[in-house]
Amino acid sequence: MGVEQKLGNMGMVTTTLEQFVNWSRTRAMWPMLFGLACCAIEMMSAQAAHYDMSRFGMELMRASPRQSDLMIVAGRVSRKMGPILRRLYDQMPEPKWVVAMGDCASCGGVFNNYAIHQGVDELVPVDVYVAGCPPRPEALIHGIVTLYEKVNGEKFTDYTDS
Amino acid sequence: MLKELGRGLITTFKMLLESPVTIQYPEEKRPVRPRFRGRHVLKRYDNGLEKCIGCSLCAAACPADAIFVESAENTDEERYAPGERYASTYEINMLRCIFCGFCEDACPTEAIVLGANYELTFTNRRDAIYTKDSLLEAVPSPELLTPQKVEPGEYTRSIPEMEDPKL
């Protein structure tokens, strides 16, 4: 921050605590397994060798919500699945983020009917929507990069109750 | 048993010597297949006029009801498309769209084409509704922008003469 600009390169890095916390959050964000439909296949593909989401700090998908920071909802959420999704979201520790992957999770997609939730934002706050049916693994990674941009802009005051 | 174990490990060690297959995505992009269907583009003719005539056949063909078209009348002072009508509003909800390409098949003037862009991520749902401005192809020079002022009687047909489809 300001020190380097005034004194030049001193061979060290200065930062704010806020930036450091956001940096560390984006370097180890473990997603929760939430594959519900065909988007899950693309999510697995994004984790596999060719696209390798480990490059973005997502070493492995956690099966337990208590060990995860990010919920990637991959697939359509039926009315019966809705309460379970909300319950798993509530079990995740703060701070937590949600990516709605694919058309069905984002807004119902082609399933405009009584059985499917018209978007998971009916149930949980969604940070990033990824379009595609299903999205390519690259598109999911693009969504995660978008999420990281959002996380890097977060302030501590966003987490205080006001 | 050890023989089988060794045979299995040969494969493992062989793989150690191979270079990694990972594509470094945001820097390096894998080219899409020629028939890949990504984000839509509304095409123009060479003279800058829009190919879309506002017939709403794409909206009728769309299985997800992602397209909304409203048409208006062309005049010679303000001409957007050849023929009588043009699309005054053209909206596609990218989060509804399933990229099936039925709109492309239904279009009588080949106005809507699915492109190669797949990087469609949004932080809110309103951004996902692409309007006509963002869907229309760019023009090479500003005088080709629509609406154009043309001579009366120059454009009478909505669908221009087209050659037969090639095999």
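The figures that follow rest on heavy atoms only: side chains count, while hydrogens, waters and symmetry mates do not. Proteins come first, then strands; the chains are lettered A, B, ... in the order of their sequence lines, and each starts at number 1.
For A:Phe20, the CZ atom is loosely surrounded, since the number of other residues' heavy atoms within 6.0 Å does not exceed 12. Within a 6.0 Å sphere centred on CZ of A:Arg79, other residues, nucleotides and ligands contribute more than 12 heavy atoms.
Proximity to chain A at a heavy-atom threshold of 4.5 Å picks out B:Arg96, B:Cys97, B:Ile98, B:Phe99 from residues 96-107 of chain B, in numerical order. When the heavy atoms of residues 83-104 of chain A are compared with those of chain B, the residues falling under 4.5 Å are A:Asp103, listed by number. Among residues 124-149 of chain B, the residues having any heavy atom closer than 4.5 Å to a heavy atom of chain A are, in sequence order, B:Asn124, B:Arg125. Along residues 117-138 of chain A, the residues that come nearer than 4.5 angstrom to chain B, judged on non-hydrogen atoms, are A:Gln118, A:Gly119, A:Asp121, A:Asp127, A:Val128, A:Tyr129, A:Val130, A:Ala131, A:Gly132, A:Cys133, A:Arg136, A:Glu138 in order of number.
Taking all atoms of both residues into account, the shortest heavy-atom contact from A:Ala105 to A:Val73 is CB-O, 3.4 Å. When all heavy atoms of B:Asn117 and B:Glu119 are compared, the closest pair comes out as OD1-N, 3.0 Å. Between B:Ile23 and A:Arg55 the shortest heavy-atom distance is O-NH2, 3.3 Å. In plain terms, the two heavy atoms of A:Ala40 and A:Ala74 that are nearest each other are N-CB, 3.9 Å. Residues A:Pro65 and A:Ser68 come closest through the heavy atom pair O-OG, 3.0 Å.
The most heavy-atom pairs under 4.5 Å with chain A, out of B:Val32, B:Asp65, B:Leu95, B:Asn93, come from B:Leu95. Comparing B:Arg37, B:Gln24, B:Arg39 by how many heavy-atom pairs each has under 4.5 Å with chain A, the most go to B:Gln24. Highest contact tally toward chain B, considering only A:Val110, A:Asp52, A:Val145, is held by A:Val110 [criterion: heavy-atom pairs under 4.5 Å]. In terms of heavy-atom pairs under 4.5 angstrom with chain B, the leader among A:Ala48, A:Gly143, A:Cys107 is A:Cys107.
The closest side-chain heavy-atom distance from B:Val113 to B:Glu110 is not below 4.5 Å. Between A:Phe34 and A:Ile72, every side-chain heavy-atom pair lies at or beyond the 4.5 Å cut-off. Two residues are said to be in side-chain contact when any heavy atoms from C-beta on lie closer than 4.5 Å; B:Lys43 and B:Lys51 meet this criterion. Under the 4.5 Å side-chain criterion, counting only non-hydrogen atoms from C-beta, B:Tyr90 is in contact with B:Ile67. Contact of the A:Ile144 side chain with the A:Met58 side chain is registered, since non-hydrogen atoms from C-beta on lie closer than 4.5 Å. The shortest side-chain heavy-atom distance between A:Leu70 and A:Leu147 falls under the 4.5 Å cut-off. In this structure, the side chains of A:Met43 and A:Leu140 come closer than 4.5 Å at one or more pairs of heavy atoms. Here the side chains of B:Thr109 and B:Tyr45 are in contact, with some heavy-atom distance below 4.5 Å.
Looking at B:Thr75, its side chain does come within 3.5 Å of a backbone N or O of B:Glu78 through a donor-acceptor pair. Of the possible donor and acceptor atoms, none in the side chain of A:Ser45 sits under 3.5 Å from a partner among the backbone N and O of A:Ile41. Judged purely by atom type and a 3.5 angstrom limit, B:Ser88 uses its side chain to pair as donor or acceptor with the backbone of B:Glu70.
Both the backbone and the side chain of A:Ser106 come within less than 4.5 Å of a heavy atom of chain B. For a residue to count as touching a neighbouring chain, one of its non-hydrogen atoms must lie under 4.5 Å from one of that chain's; by this rule B:Arg30 touches chain A with backbone and side chain alike.
The aromatic rings of A:His142 and B:Tyr25 sit perpendicular, their planes meeting at an angle over 60°, well past the 30° parallel limit.
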